Amino acid sequence: MEPLLDFSVISDNFTYFMIGRFPHGPLGGVGLTLYLAVVSCILSFFGGLLLALLSISRFSIVRYPALAFINLVRGMPLLMVIFWMYFLMPALLGKVAENTTVIMALTLFTSAYMSRIVIAGIEGIPKGQTEAAVSTGLTSWQVMLYIILPQGLRNMIPSFVNQFVSLIKDTSLAFIVGVSELTHVATQINNRTMAFPTEIFIFIAVVYFILCYAFTTLSRWLEGRLTWSKAM
Amino acid sequence: MITFSGVHKWFKSLHVLNDINLHVLPGEVLVVCGPSGSGKSTLIRTVNQLEPISSGTLIVDGKDLADKNTDINKLRAEVGFVFQQFNLYPHLSVISNITLAPIKIRSTPKAEAEEQAMQLLTRVGLAEKRDAYPLQLSGGQQQRVAIARALAMKPRIMLFDEPTSALDPEMIGEVLAVMKDLALTGMTMVVVTHEMGFAREVAHRVAFMAEGIILEEATPEEFFLRPQHPRAQQFLRQLLTPMQM
Ligand SMILES: Nc1ncnc2c1ncn2[C@@H]1O[C@H](COP(=O)(O)OP(=O)(O)O)[C@@H](O)[C@H]1O
Ligand SMILES: [Mg+2]
């Protein structure tokens, strides 16, 4: 009698699940998932920072477009942003690699959420800090750069890690435009072997869970280590 | 040095400063006292424009604060402010708290700024704390660092908003001693405080405020021995009774 589940399909294709055809071909699987998440995370950190600073600017000419952009993106499904980029980018820039398209979409999308984190972090710094700094004659930019952001960013680290965890899960949507991250690799192998969908999708669920759980744990640990700056 | 003429301040419909007329001379130490909520903090916060005034004229160090040509950042650098809650930068060491503004605004070379900061720290009795972080210090020590930080810009005016109110009683003396030394150097000072011993000993003049109005302005002797206004008499009775002065 056949066993209920046969995980040999996983062990037979384990390397392919993990890194795709790398190093002889392009990176794929878990490796590409992490690559997409890490690169998008770094880019959207800067995107979020920029959007946050623009959206609290004194000048309404930059503040309103930034706020409009943030709210617009936050009101869109990520899948739509990915499609949008997928069809828009080639029209604007000619041929663009799928990975780049997906990174752009994830960055655009996540920047809007990151900006909310940054704004909350900035607003979380007691008013007395700004008052003390401007009282010594520092300009509002100097106050932001030397007093608010160094303290605020430290407090934001746990939220950034949570955002990164969301990104790991969000990368799975890239399969729809043919980027060979973990979910795409799974559907590929499923289509090829036909017989083991349960095993394959249980396996990738566990992989996503392990990745996210590891980073969530890291975030909790960081939260514990970083509480000092909230004591004041 | 500081001149208020007919200054009013509203927070929405709340009339917080009502026709303030006040003149502080160079080298003078003015103590402002009065019941809580009477507008004392608002009054001194207008001097470096932490609160803008609603109407009237306010001239600080010869500059009209309402004048568009007044560089407010430059003016603030000339006016030191010490807060009730210290407001030291928790992510910076004591020495960096003090040198930040001179380095960034006056472009003072780091070595020179640190040398000056060490002189100030010595003056407030905290030279050995140069590399400590604010949260490692007691309240009294933090406030003395805050005074050193304000002095690092070589201000011509120093403002104090209840500098000892957040301190444990045993730490009040050390902060008042630093302020007294400062007064003896001829610094122009406006001090909001309920420390009547300090007012008697150091102030040249005392202003008594209630409900946004300066009800009485007098020398410390006159104010403490013969307060004119009933509100001032009542205020002093309440302040002095529990302490048996
Ligand atoms: N930023 C503000 N917005 C609205 N009301 C304020 C603000 N700051 C102070 N007030 C009000 O103004 C009054 C005077 O406050 P304050 O100047 O702090 O008094 P004091 O320092 O004498 O206790 C109080 O009624 C206070 O609630
Ligand atoms: Mg007050």
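Bear in mind that the values here come from a model prediction, so they are computed numbers and not experimental data.
- Atom CG of residue B/Leu151 and atom OG1 of residue A/Thr136 lie 12.5 Å apart, to the nearest 0.5 angstrom.
- At a 4.5 Å heavy-atom cutoff, B/Arg106 makes no contact with chain A through either its backbone or its side chain.
- Residue-environment remark: OH (A/Tyr86) stays at or below the threshold of 12 foreign heavy atoms within 6.0 Å.
- Residue B/Glu112 places its CD atom among more than 12 non-hydrogen atoms of other residues, nucleotides or ligands, all under 6.0 Å distant.
- A/Glu131 touches chain B through backbone and side chain together, each having a heavy atom under 4.5 Å away.
- Annotation for B/Lys104 and A/Leu138: closest pair CB-CD2, 4.0 Å, computed over non-hydrogen atoms.
- Here NE2 of B/His91 is found 7.5 Å from CD of A/Gln129. Values are rounded to the nearest 0.5 Å.
- The number of heavy atoms from other shown groups lying within 6.0 Å of CZ (A/Arg220) does not exceed 12.
- Around CG of A/Leu92, the count of heavy atoms belonging to other residues, nucleotides or ligands within 6.0 Å exceeds 12.
- Atoms OG1 and CG, from A/Thr139 and B/Asp71 in turn, are 10.5 Å apart once rounded to the nearest 0.5 Å.
- Heavy-atom contacts from other residues, nucleotides or ligands closer than 6.0 Å to CE of B/Met153 number more than 12.
- Counting non-hydrogen atoms of neighbouring residues, nucleotides and ligands closer than 6.0 angstrom, the CZ atom of A/Phe201 exceeds 12 such neighbours.
- Minimum interatomic distance between A/Ala132 and B/Arg149 (heavy atoms only, all atoms of both residues): CB-NH2, 3.4 Å.
- B/Phe83 approaches A/Ser135 most closely through the heavy-atom pair CZ-OG, 3.7 Å.
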